[in-house]
Each structure stands twice: as structure tokens, then as C-alpha cells.
Peer 1: 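Sharing a structure below in C-alpha cells format, with a few things to ask.
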Amino acid sequence: RAKEQGRNTYQFYTDGMQEREVMRLELEKDLSHALANNEFVLHYQPQLNLNSGEITSVEALIRWQHPRRGLLAPGEFIPLAEESGRITDIGHWVVMAACRQLAAWKDTRFGKLNVAVNLSGRELDDEDLVDRIRDALDAEGIPAARLEVELTEEIFIQNIEHNLDQLSRLHDLGVNLAIDDFGVGYSSLAYLKDFPVDLLKIDRSFITDVTERHDDAVIIRAVINLAHNLGLRVVAEGVETQAQLDFLKDQGCNLVQGYLISRPIPAQELEKALASGALEQGATADSG
Ligand code: C2E
Ligand code: MG
Ligand code: MG
Ligand code: MG
């Protein structure tokens, strides 16, 4: 009986594996046409500056408008794109799209926004990355300081010398560099001395329970102090409640990003929300 069950379980497991594998292969095939078919879009999530009470930057987050599966989140295809190496071209598209958006906002009331893009470690392998980013900025006439690049701590674990060289060149251009998901990687803090970092983004997992958990509050306070003493600005990710925002404001956190302010939304929707003033007011409604 046990043996039979074991076999059934095994059978079930392999079927599931096969299904996943088929789906993966199909997605991988679709991914090879996605750029040419213009199926990617950027959504933008605003970051509220706690000093000015204004939205001063937005993070560009990629989505895939899949012809049959609907709008896919990056978690469903970015890992695949990294494995296949397609991430290089997708990342280049992201940078160009972000620069085009910055150009479209130039000379409008949104002309002061900075845009942050995400790069995975794999994208740093591309020797042409920095030239491509510079060309994209030049083509649209965008000052480099308007662009932020977010990277996770994985880049401090492997290929450190190469990555340091790439990021130094990027920083020399004037692009701002942010460490994304700070605090959950397995890297040492020593890289903060050597790498030209401008911003730390505290991972959402520290924010979620900050108003209930003393240890999270202690960690956040320490990270903000560390960052400020190193001359870095701090962004808190995943802020969903006014109580979290109030705590972060008290601690001197510079920027907050999260569903409390807004979900990631298409550019047009963002423009409407910004124009209505709803984003600023919503965020400070409770504190006056
Ligand atoms: P990330 O850069 O840390 O982006 C933040 C993620 O948290 C986004 O998920 C965002 O929608 C979500 N989020 C924001 N505020 C809240 C909140 O208040 N509560 C909760 N529960 N979630 C919140 P998304 O868009 O699914 O992106 C996931 C990850 O995919 C990103 O994490 C980033 O690492 C990666 N990614 C996104 N766009 C790109 C891209 O263009 N290129 C690359 N290489 N990676 C990207
Ligand atoms: Mg990010
Ligand atoms: Mg993050
Ligand atoms: Mg992340």
C-alpha cells in the first residue's frame, strides 16, 4: 500500500514536472518573439519624497503583455530571460523605453521626475552595457542624473572586479546607483566602501511588520543611520500603511514606495494621478 502510494506520488510529481517543463519551453519560445512583437510595457511606481511631500521619482517595472496569457509580472519571465541570455536585449529595451518616457515628460509638469530601472546581475556581464546606456540617454537628450539603476546584492558576490568596473563607469556618467532589496542578500557590508552607491532600498520584508515588531524597527533605524552616515539616501519599499510611513518619516527615511502611495501603473494613469495631486495628499492625509 505504502509502495503504491509512493509510486502514485512519484507519478504525480513527474506529471507536474512535465507540465511545468512544457510551459517553460512554450514561454521561452514566446519570449523569443516578445521584443519584435513589442509585447513589453513599463509600469511606473511613484516614490514619495518625505522631505518635500512630493513624488520626485518613479520606478519602472516591466510587464509582458502575453498574447494568450495576459499581463505577466516580471517574476514569471525575467528568470527565464536570465537563463537564456535574452535579458541583455530586454534590459536594453527597458533603458531605452525609460529614456523615451523621460523625454516625453521633458517640458511638461512631470519634467523633474527621475526614473529608476532594474538591472539583473547578468546584465552587467555585457561589455557594451555602459555605452548602450550612454547612447540611450544621448539619443533622447536626457541628463544621466535623471536615471537611476537598481541592482541587488548578488552583484557583490560574483565577478566583483568586473562589476565594480562597470558600476564605476556607469556612475562616472552621472547615473545614480541604488542597492535594491537591501538586507536580504548574502553579501558583506564591505562593498558599501568600495562601490559607488547613491541609494539603499530597504527590502519590503523589514517594513511589513515594523509597527508590531521591535526587531524590525531596530534594524530599519540602524540601516537608515548607516546609510546616512555613508552619505546615501534611503528608500523604503513595500509601504502599505500610514503607520509604516509615519514611523519611517520619524526615522528620517528619505523616500517611500509602496501600495499606500500607489501600485505600479501605466504612464498615462500615473500622469493623471500626479496631476490630480492625489498621490501627495493620500500619503500625508493622516499626518495633516
Ligand atoms: P523590485 O525591483 O524590488 O520591485 C518591487 C516589487 O515589489 C514590484 O514587483 C512591485 O510591484 C512590488 N511592490 C511595490 N510596492 C509594494 C507593496 O506595497 N506591497 C507589495 N506586496 N509589493 C509591492 P514586480 O513589479 O512584480 O517586480 C518584481 C521584481 O522583478 C522587481 O523587484 C525586480 O527585481 C524585477 N524586475 C522588474 N522589472 C524589471 C526589469 O525591467 N528588469 C529586470 N532585470 N528586473 C526587473
Ligand atoms: Mg527595484
Ligand atoms: Mg526591491
Ligand atoms: Mg526584488
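Order of appearance sets the numbers: ligands from 1, and atoms from 1 within every ligand. None of these values were measured; they are calculated from a predicted model.
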Peer 1: Could Glu21 and Arg24 be called an ion pair, given the rule that one side-chain N must be under 4.0 Å from one carboxylate O?
Peer 2: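 Yes.
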Peer 1: Considering the heavy atoms of Glu240, write down every atom of ligand 1 situated less than 4.0 Å from one of them.
Peer 2: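 Selected atoms, number and element: 17 (C), 18 (O), 19 (N), 20 (C), 21 (N).
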Peer 1: Mark yes when over 12 heavy atoms from residues, nucleotides or ligands other than His33 sit less than 6.0 Å from its NE2; otherwise mark no.
Peer 2: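 It does: His33 NE2 has more than 12 such atoms within range.
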Peer 1: For Gly238, counting its heavy atoms only, list the atoms of ligand 1 lying under 4.0 Å from any of them.
Peer 2: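 What qualifies from ligand 1 is 16 (C), 17 (C), 18 (O).
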Peer 1: Please confirm whether Arg63 approaches ligand 1 to less than 4.0 Å, judged on its heavy atoms.
Peer 2: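 Contact check Arg63 vs ligand 1: positive.
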Peer 1: Is the distance from the Mg ion (ligand 3) to some N, O or S atom of Glu150 under 2.8 Å?
Peer 2: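 No.
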Peer 1: Kindly confirm whether the Mg ion (ligand 2) is within less than 2.8 Å of some N/O/S atom in Glu59?
Peer 2: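 Coordinating: yes.
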Peer 1: Report whether Val117 and Leu35 are members of the same hydrophobic cluster (ILVMFWY, side-chain heavy atoms less than 4.5 Å apart, transitive linking).
Peer 2: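 Shared cluster, yes.
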Peer 1: Any N/O/S of Asp181 under 2.8 Å from the Mg ion (ligand 3)?
Peer 2: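 Checking Asp181: at least one N, O or S atom is under 2.8 Å.
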Peer 1: Could you tell me whether Asp180 approaches ligand 1 through its side chain, its backbone, both or neither, with non-hydrogen atoms closer than 4.0 Å?
Peer 2: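 Contact part for Asp180 vs ligand 1: side chain (C-beta onward).
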Peer 1: So, Thr56 and Glu54: side-chain donor and acceptor under 3.5 Å apart, yes or no?
Peer 2: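 Checked: Thr56/Glu54 side chains show no N/O donor-acceptor pair below 3.5 Å.
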Peer 1: Any side-chain donor paired with an acceptor under 3.5 Å for Asp125 and His162?
Peer 2: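 Judged by distance alone, the side chains do not pair up.
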Peer 1: Report yes or no: do Ile265 and Ile261 belong to one cluster of Ile/Leu/Val/Met/Phe/Trp/Tyr joined by side chain heavy-atom distances under 4.5 Å?
Peer 2: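 Ile265 and Ile261: one cluster.
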Peer 1: Nearest heavy atom to atom 21 (N) of ligand 1 wins, so pick from Arg204, Arg263, Glu237, Glu59.
Peer 2: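 Looking at heavy atoms only, the winner is Arg204.
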Peer 1: The test is side-chain contact (heavy atoms from CB on, under 4.5 Å); show your working for Glu59 and Lys201 and say whether it passes.
Peer 2: CA-CA 12 Å; Glu59 178 175 7; Lys201 298 191 74 176; 2.9 Å; yes
Peer 1: May I ask which of Gln244, Gln45, His43 has a heavy atom nearer to atom 15 (N) of ligand 1 than the others do?
Peer 2: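 That would be Gln45.
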Peer 1: Name all residues meeting the side chain to side chain contact (heavy atoms under 4.5 Å, CB included) criterion together with Glu212; count only those two or more places apart in sequence or in a different chain, and write none if there are none.
Peer 2: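 Per chain and number, Glu212 pairs via side chain to side chain contact (heavy atoms under 4.5 Å, CB included) with Asp209.
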Peer 1: Tell me whether Val94 reaches ligand 1 (any heavy atom closer than 4.0 angstrom to a ligand atom).
Peer 2: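 Checking ligand 1 against Val94, which is what was asked, there is a heavy-atom contact under 4.0 Å.
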Peer 1: If you count the atoms of ligand 1 from 1 in the order shown, which ones are under 4.0 Å from a heavy atom of Ser120?
Peer 2: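 Numbered from 1, ligand 1 contributes 44 (N).
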Peer 1: Applying side chain to side chain contact (heavy atoms under 4.5 Å, CB included) between Tyr191 and each of Asn163, Ile155, Ile179, report the one that passes.
Peer 2: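 That would be Ile179; it is the only one of Asn163, Ile155, Ile179 passing the side chain to side chain contact (heavy atoms under 4.5 Å, CB included) with Tyr191.
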Peer 1: For the Mg ion (ligand 3), find the closest N/O/S atom on Asp180 and give its atom name.
Peer 2: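 It is OD1, the N, O or S atom of Asp180 closest to the Mg ion (ligand 3).
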Peer 1: Give a yes/no answer: is there an N/O/S atom of Glu237 under 2.8 Å from the Mg ion (ligand 2)?
Peer 2: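 Looking at Glu237, which is the residue asked about, there is no N, O or S atom under 2.8 Å from the Mg ion (ligand 2).
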Peer 1: Below a 4.0 angstrom heavy-atom separation, can you tell me which part of Val117, side chain or backbone, both or neither, approaches ligand 1?
Peer 2: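 It is neither; nothing of Val117 touches ligand 1.
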Peer 1: Show which atoms of ligand 1 fall inside a sub-4.0 Å distance from at least one heavy-atom site of Gly258.
Peer 2: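 What qualifies from ligand 1 is 15 (N), 18 (O).
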Peer 1: Evaluate Ile78 for polar contact with ligand 1, using N/O atom pairs at a separation under 3.5 Å.
Peer 2: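 For ligand 1, there is no N or O atom that lies under 3.5 Å from one belonging to Ile78.
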Peer 1: Counting from 1, what ligand 1 atoms have a heavy atom of Glu123 closer than 4.0 Å?
Peer 2: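 Near Glu123, the atoms of ligand 1 are 44 (N).
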Peer 1: Please work out which of Ala81, Ala60, Pro74 has its closest non-hydrogen atom nearest to atom 37 (C) of ligand 1.
Peer 2: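 Ranked by closest heavy atom to atom 37 (C) of ligand 1, first place is Pro74.
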Peer 1: Just by distance, with hydrogens left out, do Glu271 and Trp105 show a side-chain donor and acceptor under 3.5 Å apart?
Peer 2: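 On atom types as modelled, these side chains qualify, holding a pair under 3.5 Å.
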Peer 1: Distance from Asp138 atom CG to Asp131 atom CG, nearest 0.5 Å?
Peer 2: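 Those atoms lie 10.5 Å apart.
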Peer 1: Among Leu230, Val223, Asn229, find the one that has a side chain to side chain contact (heavy atoms under 4.5 Å, CB included) with Leu226.
Peer 2: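 Exactly one candidate clears the test, Leu230.
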Peer 1: Assess Gly75 for proximity to ligand 1: is some non-hydrogen atom of it under 4.0 Å away?
Peer 2: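 Under 4.0 Å: no for Gly75.
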Peer 1: Can you tell me if Pro264 contacts ligand 1 (heavy atom of the residue under 4.0 Å from the ligand)?
Peer 2: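 Yes, Pro264 has a heavy atom closer than 4.0 Å to ligand 1.
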Peer 1: Measuring from the heavy atoms of Glu82, does anything fall under 4.0 Å of ligand 1?
Peer 2: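 The answer is no: ligand 1 sits nowhere under 4.0 Å from a heavy atom of Glu82.
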Peer 1: Spell out, yes or no, whether Leu113 and Val235 are grouped together once hydrophobic residues are joined by side-chain heavy atoms under 4.5 Å, including indirect joins.
Peer 2: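 Leu113 does not cluster with Val235.
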Peer 1: Pick whichever of Tyr259, Phe40, Trp93, Phe77 has a heavy atom sitting closest to atom 16 (C) of ligand 1.
Peer 2: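 Checking each option, the heavy atom nearest atom 16 (C) of ligand 1 is found in Tyr259.
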